[in-house]
2 protein chains.
Amino acid sequence: MEKRDLLYFCTACRDKSIEDIEKIKCTIPHVLKTYKKGEYIAYQGDKVAHIFLLTKGKVKTEIVSDPGLTLHIEEIGAPYPLAAAFLFADRNFFPVDVVALEDSEVIKIRKEVIEEQMAKCPFFLRGFMAFTANRMQFLSERLKIFSLKGIKTKVAFFILQHTRGEEFEIGQSIASLAEYFGVERPSLSRALSEMVHDGIIEYKSGRGKIINRSELEIILNDV
Amino acid sequence: MEKRDLLYFCTACRDKSIEDIEKIKCTIPHVLKTYKKGEYIAYQGDKVAHIFLLTKGKVKTEIVSDPGLTLHIEEIGAPYPLAAAFLFADRNFFPVDVVALEDSEVIKIRKEVIEEQMAKCPFFLRGFMAFTANRMQFLSERLKIFSLKGIKTKVAFFILQHTRGEEFEIGQSIASLAEYFGVERPSLSRALSEMVHDGIIEYKSGRGKIINRSELEIILNDV
DNA sequence: CTAATTTGGTAACATTTGTTACACTTGCTA
DNA sequence: TAGCAAGTGTAACAAATGTTACCAAATTAG
């Protein structure tokens, strides 16, 4: 473990060199644990009393609904704070099992220690808040896109959000945009083609232009 | 404004009587603003430097993509903290306009003041963290449901999440469950009927029973 | 420069979901 | 008790999206 891992949330430490960080007398009580591939890091229903900073390795989460039958949920790679959303929530228990997919390393910091550190170090407080706020923002945006029905509606929303003036850039491949929307690539491709055909937008190789803005609005407001 | 509004996030104050709260010498610098119906509370692109506690009234958010053409996003009623996700985020500007739908009252507290208060009062810190964590949890769950393709998949996930043993309860009307899933009521109704017909579950008036659990798992893992 | 790989457009068809309308139940109210 | 409203199941049809396969364009590797 590097000391930097422990100061993951501290905006003042994040960019410091390893040497500088060694000099800081900022001590945070914690436990360092290593897990072999296949070991359980946390169990469904466990109370979340620590931050779990995954510093090395990779884990998966799964729901066990019946002995022998498990349901895979997602994979998470280091470095990442596990269970950050649960530590301070009213329903503060693990909704899933967490299992090491590779040999992994986890720093566990007690909730009370996190609270103290936030009270003590403004940079840590800001870093922690920034982490949760950024994640909330990310989730909000994705949920907004997902809640829009119809691929053209998603496209219209995306374009209106990513344009100032008349021209927009997709900034990523069609394939990854389709994944972002949660639809199949050919479906997105078809929707785009139809919108071009209908004279609503122009589009070519990642760049586009709004032709009929009010039509875009209509697509969106019809929802 | 009630003083309680100002201590919205403080878990120690939330349940106190108005009289008790009056006795607390906990002062938080703030600005109280009132807006007439139709007035703008914040503009798209504004830097978010305050928490906006909506204490009275109702607001809407909208994207203005072109003069005269606006896109309605959502309505928010008091009491609710506006822009809580943006205050500490790296991208800390309003993504929307915020407009008063009724005569409204807003408490504005500067970011620095919030930080100080969190450092000073553990109850405020916890309350604030609980608010953001609960919201993150809510968003995560909804996003999970939305990201599952196919109504039966959503149903399977929902059931496996809401059951210990063999029996489950929907705990809400089919209509509101359909809304939660983001699908139409008859579609959900059809999916349930088919699952009953296929011998996967039993279901009657809000209560159900898993008949073929492994089939449920298959539906989910096929995704 | 050419071949190989990736990326994107398109078409035909299958599947899912939405839409609309109606019947039936339940609980409540006049 | 009759009548009304809300909630639900269902069916026929329409519309949207997924699936699969193939080709063309763009990019990369050699």
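Predicted, not measured: the structure shown is a model, and the values here were computed from it. Below, chain A is the first sequence line, B the second, and so on; all start at residue 1.
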What donor-acceptor contacts under 3.5 angstrom involve side-chain atoms of residues 178-202 of chain A, with partners at least two apart or in another chain?
{"unit_1": "A:E184", "atom_1": "OE2", "unit_2": "B:K149", "atom_2": "NZ", "d": "3.1"}
{"unit_1": "A:S193", "atom_1": "OG", "unit_2": "A:S189", "atom_2": "O", "d": "3.0"}
{"unit_1": "A:E194", "atom_1": "OE1", "unit_2": "A:K152", "atom_2": "NZ", "d": "2.9"}

In terms of the angle between their ring planes, are B:F52 and B:H50 parallel, tilted or perpendicular, with boundaries placed at 30° and 60°?
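Geometry flag for B:H50 against B:F52: perpendicular rings.
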Please enumerate all protein N or O atoms sitting under 3.5 Å from an N or O of nucleotides 8-10 of chain D, with distances to 0.1 Å.
{"unit_1": "D:dT8", "atom_1": "OP1", "unit_2": "B:I174", "atom_2": "N", "d": "3.0"}
{"unit_1": "D:dT8", "atom_1": "OP2", "unit_2": "B:I174", "atom_2": "N", "d": "3.4"}
{"unit_1": "D:dT8", "atom_1": "OP2", "unit_2": "B:A175", "atom_2": "N", "d": "3.1"}
{"unit_1": "D:dG9", "atom_1": "OP2", "unit_2": "B:S189", "atom_2": "OG", "d": "3.0"}
{"unit_1": "D:dG9", "atom_1": "N7", "unit_2": "B:R185", "atom_2": "NH1", "d": "3.1"}
{"unit_1": "D:dG9", "atom_1": "O6", "unit_2": "B:R185", "atom_2": "NH2", "d": "3.3"}
{"unit_1": "D:dT10", "atom_1": "OP2", "unit_2": "B:S193", "atom_2": "OG", "d": "2.6"}

Quick one: side chain to side chain donor-acceptor pair (under 3.5 Å) partners of B:E75, sequence neighbours excluded?
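Per chain and number, B:E75 pairs via side chain to side chain donor-acceptor pair (under 3.5 Å) with no residue.
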Value in whole Å for how far the [atom2] atom of [N] lies from [atom1] of [X]:
X      : N      : atom1 : atom2 : answer
A:R207 : D:dA26 : CZ    : P     : 16 Å
B:E179 : D:dG7  : CD    : C1'   : 14 Å
B:E184 : D:dC13 : CD    : C1'   : 16 Å
A:F181 : D:dA16 : CZ    : C1'   : 16 Å

For A:F123, give me all partners under ring-ring contact (aromatic ring centres under 6.0 Å, His included), at least two apart in sequence or on another chain.
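Checked A:F123 against ring-ring contact (aromatic ring centres under 6.0 Å, His included); zero matches.
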Can you give me the first and the last nucleotide of DNA chain C (5' to 3') that has an atom within less than 4.0 angstrom of a non-hydrogen atom in chain B?
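Extent of the interface on DNA chain C: C:dT17 to C:dT20.
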With DNA chain D as reference, determine whether A:K204 or A:L188 sits nearer its 5' end, using the nearest nucleotide of each.
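The residue closer to the strand's 5' end, by nearest nucleotide, is A:L188.
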Work out how much the helix from C:dC1-D:dG30 to C:dA30-D:dT1 bends between its end axes, five pairs an end, to the nearest 10 degrees.
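Taking five pairs per end, the axes differ by 40°.
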Who are the salt bridge (charged side-chain N to carboxylate O under 4.0 Å, His left out) partners of A:K209, not counting sequence neighbours?
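A:K209: no salt bridge (charged side-chain N to carboxylate O under 4.0 Å, His left out) contacts found.
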Can you list everything that forms a salt bridge (charged side-chain N to carboxylate O under 4.0 Å, His left out) with A:R126? Sequence neighbours excluded, please.
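Scan of A:R126 (salt bridge (charged side-chain N to carboxylate O under 4.0 Å, His left out), adjacent residues dropped) gives B:E115.
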Sequence neighbours left out, cut at 3.5 Å: what donor-acceptor pairs do the side chains of residues 84-104 of chain B make with other protein atoms?
{"unit_1": "B:D90", "atom_1": "OD2", "unit_2": "A:N134", "atom_2": "ND2", "d": "2.8"}
{"unit_1": "B:R91", "atom_1": "NH2", "unit_2": "A:E141", "atom_2": "OE2", "d": "2.7"}
{"unit_1": "B:D97", "atom_1": "OD1", "unit_2": "B:Q44", "atom_2": "N", "d": "2.7"}
{"unit_1": "B:D103", "atom_1": "OD1", "unit_2": "B:K37", "atom_2": "N", "d": "2.9"}
{"unit_1": "B:S104", "atom_1": "OG", "unit_2": "B:K58", "atom_2": "N", "d": "3.2"}
{"unit_1": "B:S104", "atom_1": "OG", "unit_2": "B:K58", "atom_2": "O", "d": "3.4"}
{"unit_1": "B:S104", "atom_1": "OG", "unit_2": "B:E102", "atom_2": "O", "d": "2.9"}

Can you list everything that forms a side-chain contact (heavy atoms from CB on, under 4.5 Å) with B:S173? Sequence neighbours excluded, please.
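Listed in chain order: B:A175, B:S176.
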May I ask you to decide whether A:K60 forms a salt bridge with A:E62, counting only side-chain N to carboxylate O separations under 4.0 Å?
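Yes.
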Using 0.5 Å steps for rounding, measure from the CD1 atom of A:I218 to the CG atom of A:N212.
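Rounded to the nearest 0.5 Å, the CD1-CG separation comes out at 7.5 Å.
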Side chains of A:T34 and A:E105: is there a donor and an acceptor less than 3.5 Å apart?
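No donor-acceptor contact under 3.5 Å links the two side chains.
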